[in-house]
2 protein chains.
Amino acid sequence: MKQPLHERIRSDFEARILSGELLPGARLPTELELMRDYDCARMTVSKALSALVAAGLIDRRKRAGTFVARPRVHSMVLDIPDLEQEVLQRGQRYHFELFNREVRTPDPAHPDEAALAGEGELILLEGVHFADDVPLAVEARLISLSAVPDIAASAFQGASPGAWLLKHVPWTEAETRIAAVPADRNVAARLHLALGSACLFVERRTWRGDEGITLVRQHFVGSAYDLIARFGSARRPSDG
Amino acid sequence: MKQPLHERIRSDFEARILSGELLPGARLPTELELMRDYDCARMTVSKALSALVAAGLIDRRKRAGTFVARPRVHSMVLDIPDLEQEVLQRGQRYHFELFNREVRTPDPAHPDEAALAGEGELILLEGVHFADDVPLAVEARLISLSAVPDIAASAFQGASPGAWLLKHVPWTEAETRIAAVPADRNVAARLHLALGSACLFVERRTWRGDEGITLVRQHFVGSAYDLIARFGSARRPSDG
DNA sequence: TCTGAAATTATGTCTATACATTAATGAGCG
DNA sequence: CGCTCATTAATGTATAGACATAATTTCAGA
């Protein structure tokens with residue numbers, strides 16, 4: 001076995017916890033005991049246990065010891081769709097059609113707009129995403145001009161503003177709301193749907209630090225689009 | 001400064017990467033350089049960088065060095081609703097009404113059922129979630145009896161099987177599909193909706209290791225329910 | 001009996017060092 | 001020119017020990 005020792009210790013306990021042999025709340029041996037069990041230094045044991053803490057499988061308390069964590073998993077990772085990539089991956093052609101573009105100051109009647117841009121100017125982009133010339137989604141996007149000054153130059157005919165933004169202005173915070181709504185008059189017309197058809201509605205706000213970047217509202221053709229979220233115990237994105 | 005040094009190093013680089021100062025592919029200083037920069041031992045630097053590897057922010061290659069990781073998957077955390085908690089938190093009464101319960105062997109015509117339970121038996125639970133006696137969602141849930149033998153004893157009248165399962169059988173892998181669908185005859189009747197009303201459809205499969213646990217399909221009243229997903233630089237449990 | 005201080009114990013951080021492993025580099029040879 | 005092989009620069013694993021920190025337990029004094 002060329003497997004590192006700390007990894008062996010880690011996976012030993014991962015297996016015992018996942019198998020149910022060690023139940024939530026059960027106490028693990030102390031580092032001193034594990035040093036003897038595996039005949040190694042304390043740092044090695046510590047590294048193994050730290051990884052299990054990072055994976056959320058155990059909790060450690062000074063003086064008290066190390067315990068199997070209560071199952072806490074109430075969340076999973078939702079991939080944010082890059083529509084263009086997904087459409088292309090399905091072997092279809094993609095294009096984006098802009099049908100409105102205006103620059104304006106936040107309308108006090110819309111608290112969203114003030115929240116996004118404060119006193120600064122906004123640009124509003126409205127367009128439709130197509131897969132093989134069939135409309136897939138309509139989006140209305142507000143972008144804060146102070147956060148993204150370069151945007152005035154971009155045309156967004158054919159390419160999606162979402163993908164452009166991702167490349168040029170990475171966000172650090174985001175919030176997404178997902179709901180099912182009936183198509184209103186405008187949406188139905190843009191997507192060639194019957195009035196009241198089920199649409200997947202996605203509203204996302206993104207920030208970079210404290211500064212609002214964009215607020216987008218997308219209506220997907222219900223029958224043509226799913227969101228997928230996954231959670232796996234694979235070595236996972238957070239150290240915590 | 002009571003913050004550990006390795007944590008300070010970690011968060012320094014996390015900030016520089018998230019802010020865009022260090023672009024994907026950019027090379028970080030070597031451990032030797034960082035030892036000098038932070039005036040500390042190599043193990044301390046190593047611990048900080050290991051955490052960033054675990055977080056997926058950097059890649060490390062022997063002899064070559066440490067680099068900002070390539071295209072970060074843009075994903076965010078989706079909270080999995082515990083319906084009972086959410087309804088209670090909104091100040092409403094919650095109850096669950098079971099209208100069907102049967103035990104059977106997987107139907108070969110439904111690949112889902114075989115995939116879930118293999119040769120073993122399944123239990124099918126169908127019921128409706130209520131908030132203040134108004135139907136909020138209807139769910140159909142398949143559970144593998146071999147994964148959850150205790151379930152035969154539970155009645156699930158009033159309490160939701162989802163919450164029961166979470167407490168008794170924590171999962172390790174899950175996949176969720178989210179879509180907008182029109183209410184069919186059955187769903188419309190159960191939720192007191194017009195035929196074709198927009199519903200948020202959530203389908204979730206969960207596993208424990210390789211063993212399938214449950215497959216649930218939920219239809220939410222579109223006008224009454226949202227899912228929320230968030231991403232923030234908020235630290236996970238182990239960080240300060 | 002209650003209270004607060006001290007001892008105890010387990011984890012948390014850090015150092016300094018050693019050797020292993022991997023892969024980019026470059027020198028020498030055909 | 002292109003191949004092979006040794007060199008070497010970087011990370012990866014591990015040790016042994018020191019001191020820090022937190023929480024529980026114990027115990028002395030009011």
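Note on naming: letters A, B, ... go to the chains in the order of the sequence lines (proteins, then strands), and numbering restarts at 1 for each one. Atom set for the values below is all heavy atoms of this structure, side chains included, hydrogens, waters and symmetry mates excluded.
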K.L.:
Using whole Å, report how far CG of B:L34 lies from P of C:dC14.
P.N.:
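Roughly 15 Å, once rounded to whole Å.
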K.L.:
How long is the line joining CD of B:Q3 and P of C:dG12, in whole Å?
P.N.:
16 Å
K.L.:
Between B:E14 and B:R16 (salt bridge meaning N to carboxylate O under 4.0 Å), is one present in this structure?
P.N.:
no
K.L.:
Using atom CD of A:E7 as one end and atom C1' of C:dA20 as the other, report the distance to the nearest whole Å.
P.N.:
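Taking atom C1' of C:dA20 as the reference, CD of A:E7 is at 17 Å.
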K.L.:
Return the 5'-most residue of the pair B:L49, A:C40 with respect to DNA chain D, ranking by each residue's nearest nucleotide.
P.N.:
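Result of the comparison: B:L49.
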K.L.:
Which whole-number value in Å describes the distance from A:L32 CG to C:dT8 P?
P.N.:
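In whole Å, C:dT8 P lies 16 Å from A:L32 CG.
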K.L.:
Taking only N and O in the side chain of A:R60, is any of them less than 4.0 Å away from OP1 or OP2 of C:dG12?
P.N.:
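Checking C:dG12 against A:R60, a side-chain N or O does come within under 4.0 Å of OP1 or OP2.
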K.L.:
Could you check B:E31, B:H6, B:R10 and say which one makes a side-chain contact (heavy atoms from CB on, under 4.5 Å) with B:L49?
P.N.:
B:E31
K.L.:
Given that B:D39 and A:R61 both sit by DNA chain C, which one's nearest nucleotide is further toward the 5' end?
P.N.:
A:R61
K.L.:
Rounding to an integer number of Å, can you tell me how far A:M35 CE sits from D:dT15 C1'?
P.N.:
10 Å
K.L.:
Can you tell me if B:T66 touches the phosphate of D:dT11, counting only side-chain N or O atoms and a distance under 4.0 Å to OP1 or OP2?
P.N.:
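For D:dT11, OP1 or OP2 has a side-chain N or O of B:T66 closer than 4.0 Å.
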K.L.:
Taking the side chain of A:P4 as its heavy atoms from C-beta onward, which of D:dT13, C:dA16, C:dA24 lies nearest to it?
P.N.:
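Nearest nucleotide to the side chain: D:dT13.
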K.L.:
Rounded to whole angstroms, how far apart are CD on B:E33 and P on D:dA10?
P.N.:
7 Å
K.L.:
Nearest whole angstrom, please: distance from the C1' of D:dT15 to the CE of B:M43.
P.N.:
10 Å
K.L.:
Between B:Y225 and B:E86, do the side chains contain an N or O donor and an N or O acceptor separated by less than 3.5 Å?
P.N.:
yes
K.L.:
Do any side-chain nitrogens or oxygens of B:K47 fall under 4.0 Å of OP1 or OP2 in C:dT13?
P.N.:
yes
K.L.:
Out of D:dT8, C:dC14, D:dA10, which nucleotide sits closest to the side chain of B:T30?
P.N.:
D:dA10
K.L.:
Measure from CZ on A:R42 to C1' on D:dT13 and round the result to the nearest Å.
P.N.:
18 Å
K.L.:
Can you tell me whether the side chain of B:R63 and the base of D:dG12 have a donor-acceptor pair closer than 3.5 Å?
P.N.:
no
K.L.:
C:dT15, OP1 or OP2 - any side-chain N/O from B:T44 closer than 4.0 Å?
P.N.:
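Checking C:dT15 against B:T44, a side-chain N or O does come within under 4.0 Å of OP1 or OP2.
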K.L.:
If you pin A:L5 and A:A64 to their nearest nucleotides in DNA chain D, which one's is more 5'?
P.N.:
A:L5
K.L.:
Hey, can you tell me if B:F130 and B:H95 have their rings parallel, tilted or perpendicular (30° and 60° cut-offs)?
P.N.:
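The arrangement is parallel - the two ring planes meet at less than 30°.
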K.L.:
Side chains of A:D132 and A:Y94: any donor to acceptor distance under 3.5 Å?
P.N.:
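On atom types as modelled, these side chains do not qualify, holding no pair under 3.5 Å.
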